[in-house]
Amino acid sequence: MTETGTTAHTPSPRRPLHAPHSVVPAPPRQVRPAIPVRPGGTPAAKSSVLLRAEEFVRLTARILEQRRFAYHFLGAGNAGAEAVETALRAYRNEDEGYGHALDPGLRGPQSRPAHAVYALRVLDSIGRCGGQRVERLGRYLTAASAADGALPAFLPGRHPFGSAQGELLTTGPVVGLLHRNDVWHAWLFRATDFCWQAIECLEAPSPHEVQAAVTFLDSVPDRPRAQAAADRLGRLVREQRLAVLDPQQLDAYPVAAGCAPGAHHFPHDYAKVPESLARGWFTDDEIARSLDFLAADQQQDGGWPLLPSGPGGPPTERRWSPGAVVERLERRPGLTIEALRTLRAYGRPIG
């Protein structure tokens, strides 16, 4: 969870999993054109990007990421989607949530909201975010929600940072991905209201809150309200310098509060595809520089780093858990897949 040019999209009727509800359909979405690919590079150089990444994934990735790579870049087709879903199913628990370090930063077998976000992104990316698999997950979302109807980052009593309050970080992506796939579930009512209120009250957002908000705003049915909220959020991103607009001057941009040292964010981190509302926050040149930086950040081993390496420098490793070494090994293949997907979405050559 390349489209270029301007397209019109009319959503299909939502598939109710419980009682049907009336939903305001989204109007046709205006898609900004992708940034033209800059000249340069031989066919051999272009193919080496994907070949190197494939070797990296083959040597380091979990089965899930190996199956995802085959689906997205090796033409695995419907059989490849089935293989991805089979690999994902191994992380599902009896409570219909996901655990077992599906998100590599969270160790242990317990179901956690962050794992549900990860699972939905995988299902969305292979076109299987719907049906009984989402109905089952809906039972977990309902049980894990706080009193405000939203998902906490960590469940109370199960984690030192557990909270009885919902958070945009976990709720926004889940709600956005379900709306994106035209799925309606009873859990979505209050969760959608929560996201609207949380986004419209943001004054000093973290980059991760902005990313969660974008996932929500890109797919929520009320498109005029989403556009207005995105315009306001984009102004905050620029005013508060939450995006590095010139990667050649990386040191001139402060790392946002709460982020790991060296954890800069770039336009492509918010506008992962050209049709995202976040694309309108940046000029063509800013997006082009951001994509240039992303393409150049492929490491010698073929993968992308946990943190951007900067001009000529090694990546700074993020350490979120005691199993930092294991996390690093397991997270990088997923980041590599997403980097390639973003470059391809904007028409950049990857192989």
Side-chain angles (χ1 to χ4, degrees), residues 35 37-38 40-74 101 103-105 118 121-122 125 207-208 211 243-253 255 259-273 287-321 323-351:
I35 300 303
V37 178
R38 291 185 172 183
T42 64
K46 294 176 183 177
S47 63
S48 71
V49 173
L50 192 60
L51 289 174
R52 290 164 57 206
E54 180 182 359
E55 180 74 357
F56 171 76
V57 169
R58 185 180 68 84
L59 293 176
T60 67
R62 304 180 295 186
I63 292 176
L64 176 61
E65 279 71 43
Q66 292 187 42
R67 301 304 190 196
R68 292 187 68 204
F69 191 93
Y71 173 81
H72 289 295
F73 306 110
L74 302 182
D103 182 323
Y118 199 107
R121 283 175 172 154
V122 171
S125 72
H208 302 298
Q211 289 173 312
V244 175
L245 302 181
D246 186 356
Q248 295 302 315
Q249 300 182 28
L250 195 62
D251 293 340
Y253 290 85
V255 174
C259 292
H264 290 96
H265 289 75
F266 299 80
H268 68 260
D269 289 317
Y270 303 114
K272 295 181 182 297
V273 292
I287 287 287
R289 286 195 296 267
S290 181
L291 295 172
D292 287 344
F293 182 87
L294 177 63
D297 217 22
Q298 186 179 25
Q299 304 295 289
Q300 290 185 350
D301 61 9
W304 267 258
L306 297 186
L307 292 178
S309 58
T316 302
E317 297 299 351
R318 196 186 257 127
R319 300 191 179 275
W320 288 337
S321 70
V325 175
V326 176
E327 178 197 351
R328 174 183 181 276
L329 292 174
E330 292 185 348
R331 189 175 292 281
R332 284 190 66 208
L335 295 176
T336 297
I337 290 170
E338 295 310 316
L340 291 169
R341 293 184 68 203
T342 295
L343 291 170
R344 185 171 63 182
Y346 280 94
R348 291 301 182 100
I350 61 171

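Reckoned from all heavy atoms, side chains included, excluding hydrogens, waters and symmetry mates. On a predicted model such as this, the values are computed, not experimentally measured, just so you know.
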So [Y] and [X], do their side chains get closer than 4.5 Å, heavy atoms only?
| X | Y | answer |
| --- | --- | --- |
| Leu294 | Arg348 | no |
| Gln66 | Pro333 | no |
| His72 | Ser125 | yes |
| Arg332 | Thr60 | no |
| Val57 | Phe73 | no |

Give a yes or no on whether the backbone of [Y] and the side-chain of [X] come within a donor-acceptor separation of less than 3.5 Å.
| X | Y | value |
| --- | --- | --- |
| Glu65 | Gly334 | no |
| His264 | Val244 | no |
| Arg289 | Leu245 | yes |
| Thr342 | Ala339 | no |
| Gln299 | Asp297 | yes |
| Gln298 | Gly302 | yes |
| Asp269 | Phe266 | yes |

Look up atom [atom1] in [X] and atom [atom2] in [Y], then write down how far apart they are to the nearest 0.5 Å.
| X | Y | atom1 | atom2 | result |
| --- | --- | --- | --- | --- |
| Arg67 | Arg62 | CZ | CZ | 14.0 Å |
| Asp292 | Leu343 | CG | CG | 9.5 Å |
| Phe69 | Thr336 | CZ | OG1 | 8.5 Å |
| Lys272 | Gln211 | NZ | CD | 5.5 Å |

Which pair of heavy atoms, one from [X] and one from [Y], lies closest together, and at what distance?
| X | Y | value |
| --- | --- | --- |
| Tyr270 | Pro207 | OH-CB, 3.3 Å |
| Ala271 | Tyr346 | O-OH, 2.7 Å |
| Tyr118 | Pro104 | CE1-CD, 4.0 Å |

Quiz item: What residues, two or more places apart in sequence or in another chain, satisfy side chain to side chain donor-acceptor pair (under 3.5 Å) together with Ser290?
Solution: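 Partners of Ser290 under the side chain to side chain donor-acceptor pair (under 3.5 Å) test: His268.
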Quiz prompt | side chain to side chain donor-acceptor pair (under 3.5 Å) partners for Glu54, two or more places apart | solution =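 Glu54: no side chain to side chain donor-acceptor pair (under 3.5 Å) contacts found.
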Quiz item: Do other residues, nucleotides or ligands put more than 12 heavy atoms under 6.0 Å from Ile63 CD1?
Solution: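 Counting other residues, nucleotides and ligands, CD1 of Ile63 stays at 12 neighbours or fewer.
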Quiz prompt | Residues Glu55, Arg58; criterion salt bridge (charged side-chain N to carboxylate O under 4.0 Å, His left out); working and verdict | solution = CA-CA 5 Å; Glu55 180 74 357; Arg58 185 180 68 84; 2.9 Å; yes
Practice problem: In sequence, state the C-alpha distance, the side-chain angles, and the governing distance for Arg68 and Glu338, and then conclude on side-chain contact (heavy atoms from CB on, under 4.5 Å). | Solution: CA-CA 10 Å; Arg68 292 187 68 204; Glu338 295 310 316; 2.8 Å; yes
